[in-house]
Protein chains: 2
Amino acid sequence: MGRVEAKVGAMHNATSPSNKVPRTERGRRTLAKLLEAAAAEFGERGYHEASITGITQRAGAALGSFYTYFDSKEQVFRALVSHMGHLTRKWIAERVESAPNRIVAERIGLEAFIEFVRAHKDLYRIVMEAQFVAEDAYRDYYAVFEEAYRRNLAVAGERGEIRPGHDEVRAWALIGMNVFLGLRYGVWDDSLSAAEVAAAAGDFMAFGLTPAPKAR
Amino acid sequence: MGRVEAKVGAMHNATSPSNKVPRTERGRRTLAKLLEAAAAEFGERGYHEASITGITQRAGAALGSFYTYFDSKEQVFRALVSHMGHLTRKWIAERVESAPNRIVAERIGLEAFIEFVRAHKDLYRIVMEAQFVAEDAYRDYYAVFEEAYRRNLAVAGERGEIRPGHDEVRAWALIGMNVFLGLRYGVWDDSLSAAEVAAAAGDFMAFGLTPAPKAR
DNA sequence: GTGAAACATGAGTCAACATTCAAGTTAGAA
DNA sequence: TTCTAACTTGAATGTTGACTCATGTTTCAC
């Protein structure tokens, strides 16, 4: 399961304000342990079942130490959601950059996404649950993906790599496909390889449902 | 917002066992009021924020009456999820049955789905939240859809209406597209008409991203 | 070496419900 | 009409868990 770097605690954007930044080495270690523990606790038990006690016990810290670094239960959760966004994009971007065109990139991106989800089931659950715990963080998470998809589709469109179309709607269609295939084949069931799923879905993304015209 | 028929209380499948069935007219009315109130309360506040007190107040009933009809908070929630599955499938099936082929059916189905979500935002939220409140109910919900999609794709494949492919993966890809387009354009934003979204996504479902070959 | 700022600790506070139950009221079959 | 099962009521119970705080310990800049 993915290590949650202490870096998360140092972010200072709109969705995860003011986690106190530790000033000593000891503090940084404690913060890192707490973040990792929080990811595990939320991932395994879900936001509401998770308890601060559970987090501090996993971290080997005292209950009160949690509040040295976080203002509330919800705040760590938000930090984790935001962290997950960065991790996911980094992972996928690294694998997709060598793709020769957008259509191949989508297949590779899906394969990478499924692999990522399998390697971070706990963190992925946190992202999905954000819809009900911190809806704005959830929307932000997908807004960034939407933006990236639209840009990618627009560029590919100009290059003639893809069919013209409604990029915003196609962006969300692609996001939905990725998320549900990630849930079904990444979280729920490992029996198909990521490559197999990506190949099957890649054909669909490339050619849709319309049959190839008859050879004559 | 959708009326929740008292019928829900009479179901007796695995996911919603033993809600007590009322024996008098008064009882049936109270049960119906409670179900409707529960849908509104869960839909507006989410499962954990929702309270039984909130439900009975909306229903104009006493707190204790809730437990005359339901065993627990979770049980009403499950009943509502299951109910939503039936409503959704009925709504879509009615609109899709006149479609001449599978590809058109998918476009019409998406349009109907977006309309349905818009008309039942509260109930739809309940379904999505089920992933974290009653995971088995959530899986069951989508298992039924998967089954239907696979059958539809298999039949269409035999008829040569669609390209051969991996029907299970395509089923989940389609489900994901529908769910996310429903969330984005049904729940979050009404500015595009359902037909516009369905037209744009329909083109993608039909032809994918590959550009049309150059006319010569 | 030292003292102030950082950090750690965990018992205690407090509010929020889900659920129970004993005491009533009403419906409707006979 | 009568009587019992069905239904209603809301105060009381009990648990849970986020968050506070006063006290103690460690770090590290000087």
Side-chain angles (χ1 to χ4, degrees), chain A residues 6 9-10 17-38 40-42 44-80 126 129 132-134, chain B residues 6 9-10 16-38 40-42 44-80 129 132-134:
Chain A
S18 75
N19 330 5
K20 297 108 184 180
V21 177
R23 255 161 256 290
T24 71
E25 187 48 37
R26 178 174 58 149
R28 277 184 288 276
R29 265 203 311 280
T30 305
L31 173 57
K33 282 192 301 176
L34 284 170
L35 280 166
E36 185 131 4
E41 175 82 0
F42 285 133
E44 276 174 34
R45 316 228 289 149
Y47 182 79
H48 295 280
E49 290 291 310
S51 70
I52 309 297
T53 306
I55 292 171
T56 52
Q57 267 167 11
R58 282 175 199 258
L63 173 57
S65 290
F66 178 89
Y67 293 94
T68 304
Y69 297 104
F70 304 104
D71 291 333
S72 67
K73 184 181 182 182
E74 191 178 319
Q75 198 208 344
V76 222
F77 186 84
R78 285 173 179 275
L80 257 12
I126 290 173
E129 193 169 12
F132 306 100
V133 171
Chain B
S16 65
S18 73
N19 332 6
K20 297 108 183 181
V21 176
R23 255 161 255 290
T24 69
E25 188 47 37
R26 178 173 59 148
R28 277 183 289 275
R29 264 203 312 279
T30 304
L31 172 56
K33 282 191 302 176
L34 284 170
L35 279 166
E36 184 130 6
E41 175 82 359
F42 285 133
E44 276 175 33
R45 315 229 288 147
Y47 182 79
H48 296 279
E49 291 290 311
S51 71
I52 309 298
T53 306
I55 292 171
T56 51
Q57 267 166 12
R58 282 175 200 258
L63 174 55
S65 289
F66 178 89
Y67 292 93
T68 304
Y69 298 103
F70 303 103
D71 290 333
S72 67
K73 185 181 180 181
E74 190 177 320
Q75 198 209 344
V76 221
F77 187 83
R78 286 173 179 274
L80 256 11
E129 193 168 14
F132 305 98
V133 171

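In this text, all values refer to a predicted model and were calculated from it rather than measured experimentally. Numbers restart at 1 for each chain; the letters A, B, ... are given by sequence-line order, proteins then strands.
- B:F77 and B:F42 have perpendicular rings, their planes meeting at more than 60° on a 0 to 90° scale where under 30° would count as parallel.
- With sequence neighbours excluded, the residues forming a side-chain hydrogen bond (donor to acceptor under 3.5 Å, both in side chains) with B:E44 are B:R58, listed by chain and number.
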The contact string for nucleotides 15-24 of chain D, one letter per nucleotide 5' to 3', using protein heavy atoms under 4.0 Å with B, S and - for base, sugar-phosphate only and none, comes out as ---SBB----
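- Distance NZ (B:K20) to C1' (D:dT8): 14 Å, rounded to an integer number of Å.
- OP1 or OP2 of C:dT9 sits under 4.0 Å from a side-chain N or O of A:S65.
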Applying the Watson-Crick and G-U criteria (both distances under 3.5 angstrom) with [ ] for crossing and | for other-strand pairs, one obtains for DNA chain D ||||||||||||||||||||||||||||||
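- Counting only heavy atoms from C-beta outward, the side chains of B:K20 and B:T68 never approach each other to under 4.5 Å.
- Between A:K33 and A:E36, none of the side-chain N atoms (NZ, or NE/NH1/NH2) sits under 4.0 Å from a carboxylate O, so this pair counts as no salt bridge.
- One can place CZ of B:R29 at 14 Å from C1' of D:dA6, the figure rounded to the nearest angstrom.
- Atom pair A:R23:CZ and C:dA4:C1' shows a separation of 14 Å (rounding to whole Å applied).
- Counting heavy atoms from C-beta outward, A:F66 and A:T30 have side chains that stay 4.5 Å or more apart.
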Determine, step by step, whether B:H48 and A:F132 satisfy the side chain to side chain contact (heavy atoms under 4.5 Å, CB included) criterion, reporting the C-alpha distance in whole Å, the side-chain angles of both residues, the deciding distance to 0.1 Å, and the verdict. CA-CA 9 Å; B:H48 296 279; A:F132 306 100; over 6 Å; no
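- Taking only side-chain nitrogens and oxygens, A:T24 never comes nearer than 4.0 Å to OP1 or OP2 of C:dA6.
- At distances below 3.5 Å, at least one donor-acceptor pair connects side-chain atoms of B:E41 with backbone N or O atoms of B:S51.
- One interatomic measurement links the two molecules: CG of B:L34 to C1' of D:dT8, which rounds to 11 Å at whole-angstrom precision.
- Not a single donor-acceptor pair under 3.5 Å links the side chain of B:Y69 to the backbone N or O of B:A32.
- B:T56 places none of its side-chain heavy atoms less than 4.5 Å from the side chain of B:Y67.
- Going from atom OH of A:Y69 over to atom C1' of C:dT9 covers 13 Å, rounded to whole Å.
- Computed from coordinates, the B:L31 CG to D:dA6 P distance equals 16 Å when rounded to whole Å.
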